[in-house]
Amino acid sequence: MSATGISTSAAPAVRTGRPWQRDLIGVAVILLASIGGYVLFPDNLALLTRIIAIMFLVLSLDLVTGYCGVATLGHAALFGAGAYAAGIAAVTFGITEPLSMIAIGAIAGAAAGLVSGVVILRGHGLAQLVLSIAVIHLFHEAANKASAYTGGSDGLSGIAPDPLLGLFAFDLWGRTAYIFGIVLLIAAFVLLRILVRSPFGMLCRGIRQDPVRVSAMGASVKASLIRMYVISGVVAGIGGALNAVSTQVVGLDSLSFTNSAEALVMLVLGGAGSLFGALAGTVVFMWFEHVVSAANPFHWLTIVGALLIAVVLFAPKGLYGTAADLARRFARSNP
Amino acid sequence: MSAVFAVERLKKSFGGLDVTRDVSLSMARGDRLALIGPNGAGKTTFVNLVTGHLQASSGRVLMDGEDISRFSPMRRVRAGLVRSFQVTRLFPEMTPGEHVALAILQREGKSGRMAGNFHAMPQVMREMNGILDTLSLGALASVPVGAIAYGQQRLLEIALAMALRPKVLLLDEPAAGVPHSDTFLIENALAQLPDDLAVLMIEHDMDLVFRFAKRVVVLAAGAVIFDGSPRDVTKDARVREAYLGSYAHAGSAA
Ligand SMILES: Nc1ncnc2c1ncn2[C@@H]1O[C@H](COP(=O)(O)OP(=O)(O)OP(=O)(O)O)[C@@H](O)[C@H]1O
Ligand SMILES: [Mg+2]
């Protein structure tokens, strides 16, 4: 890797080596988990693919909430925009090539990110939260009203994507969709790791910790946040489009307040401000939901509530953040 | 005109309270000016107004003759007007190395880059290490700021200002909160600032003021009551009155 060619002192060179290692470990873990999921739960590939789609939403939320410190309960607007755009492209405009549908989802997500960013960033603190709730309700209502395109409350069905690359048809068991999702996820993960390590990523972390200091350095807080919102929209939009491609329907629930709030819960559960945390939180929450709601459909929300309280009280950095802290402490005491 | 920085008839009131009354001041390249005054005199407010963190009621701020009164704080920094904060404002989870690198990247217009990392940018690393070493922060380059001593955080505030290469630097009590035994570190840091930089320092420690400043401006109840040499300031009757004699004896230390 090019990092070895730096002629500065040894200490920084060692530090550059480590993040790349962690990227590789991250990719390896995603791959192993995917293979494990495929082998262990061949009948649940649809659920696993849905988990991957929601991972995009939670990663996207992590960019604005975990990295930039923007409080939002309206992030599903970006995901839903991607899902509807991909679905409408297929149903109304006959664009059924899967990669094109994903690209359309990404663009629609970016546009939704720009719009919600501009609105939400006008407020701070509580006002910001309220604006974000208003945004998701407006998006929801718009999709409901535009029923000629969206199917309204019946949902948008009849999405029939072509075979992937003209070779792999989307099968009944969801194998193609699952593998497609994994490939997209790994690509997104690697690109986002590069992003959060970049100067822009560092600037955004600075904005979360002290925006006044950032402006005293001569950087534009607002412009940076809006830019991150657009990037976040691309990520969420891809997730929405993946969901449209894999389930072949889009429902109003994808644009719902509940979807937004659950994404935030997953992020907090896994650990905001870390891509690994976003992924872990999504898997744990959705798997837990699946298992517990099957076992006890009436009390599953109670159990999720209890789990959340336990995490917030005893592991405030989330599951991944706390595990990483413990691992670091363990490594320090056993050098 | 040779003034790199000028403030003309600046006014500000909070509700009915006039905290800045018709303040005018100008600085030339290389100036070392101390802004002193009793607590609540309006010194920090003056810095906030000038840097755009607060909106002035009236008056103008000029950099190199250009009116920057309508600029956002960000654009004022880009025009070369940089400040430090009375109470440290840093990113607790980031390291001194990241702070200084971010300031350098920002100055060079590279802080928006979405790929790469400053560790792989040799010039940024060289300049960052240079600045941190100058301020004896080299050993702490990769320790999170939340875990380093307050005195060192104060030094990092100065490091950030250096990294931005301003034309005019406004330091709001750079030694505040630093143990007296460590103020020499701050003084050393101030001595490393470029000679042609115009520096305005707010400070209560008169020993420090007398060693640093070639010119002193005294602010009391929002108005400038003295602008002159450090030698004359303690002799001035209005200044003595403003301080109720608390620093009147400080002349002996000069
Ligand atoms: N945002 C604000 N709203 C109302 N009053 C304010 C505000 N900021 C400052 N003041 C008042 O303005 C006056 C000047 O405050 P300022 O902080 O500028 O003083 P200072 O000279 O920096 O004092 P110190 O030496 O204690 O730092 C004080 O009376 C303060 O209470
Ligand atoms: Mg003050």
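Note that these values count all heavy atoms, side chains included, but never hydrogens, waters or copies made by symmetry. A, B, ... follow the sequence lines: proteins, then strands. Residue 1 opens every chain.
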Heaviest contributor of heavy-atom pairs below 4.5 Å to chain B, chosen from A:Ser220, A:Cys204, A:Ala223, A:Gly218, is A:Gly218
If one checks every heavy atom of A:Ile231 against chain B at 4.5 Å, the contacting part turns out to be side chain
One option among B:Thr51, B:Leu164, B:Val77 has the most heavy-atom pairs under 4.5 Å with chain A, and it is B:Val77
Looking only at side chains, do B:Asp172 and B:Thr44 share a donor and an acceptor under 3.5 Å apart? yes
SB check B:Asp67 B:Arg60 (cutoff 4.0 Å): yes
If you tally heavy-atom pairs under 4.5 Å between each of A:Gln209, A:Arg208, A:Arg227 and chain B, the highest tally belongs to A:Gln209
Margin query: B:Leu193 vs B:Val199, test: side-chain contact (heavy atoms from CB on, under 4.5 Å). Steps then yes/no.
Written below: CA-CA 9 Å; B:Leu193 294 170; B:Val199 185; 4.0 Å; yes
(Q) Looking at A:Arg205 and A:Asp210, is there a salt bridge between them, counting it only when a charged N and a carboxylate O are closer than 4.0 Å? (A) no
Okay, A:Ser224 and chain B: the region with an atom under 4.5 Å from a heavy atom over there is neither
Okay, B:Glu93 and chain A: the region with an atom under 4.5 Å from a heavy atom over there is both
The reported gap from CG in B:Asn48 to CG in B:Leu170 (rounded to nearest 0.5 angstrom) is 10.5 Å
Test: B:Arg107 and B:Glu127 ion pair at under 4.0 Å: yes
Those residues of residues 108-115 of chain B that come under 4.5 Å of chain A on a heavy-atom basis, listed by number, are B:Lys110, B:Ser111, B:Gly112, B:Arg113, B:Met114, B:Ala115
In terms of heavy-atom contacts, A:Ser116 and A:Leu78 come closest through OG-CD1, 3.3 Å
Salt bridge between A:Arg197 and A:Asp23, side-chain N to carboxylate O under 4.0 Å? yes
Determine whether the side chains of A:Ser232 and A:His75 contain a donor N or O and an acceptor N or O closer than 3.5 Å.
yes
Applying a strict 4.5 Å limit to non-hydrogen atoms, the region of B:Leu160 in contact with chain A is side chain
Comparing B:Arg76, B:Arg83, B:His99, B:His53 against chain A, the one with the most heavy-atom pairs below 4.5 Å turns out to be B:His53
Practice item. Identify whether the distance between the nearest side-chain nitrogen and carboxylate oxygen of B:Lys167 and B:Asp64 falls below 4.0 Å. Key: yes
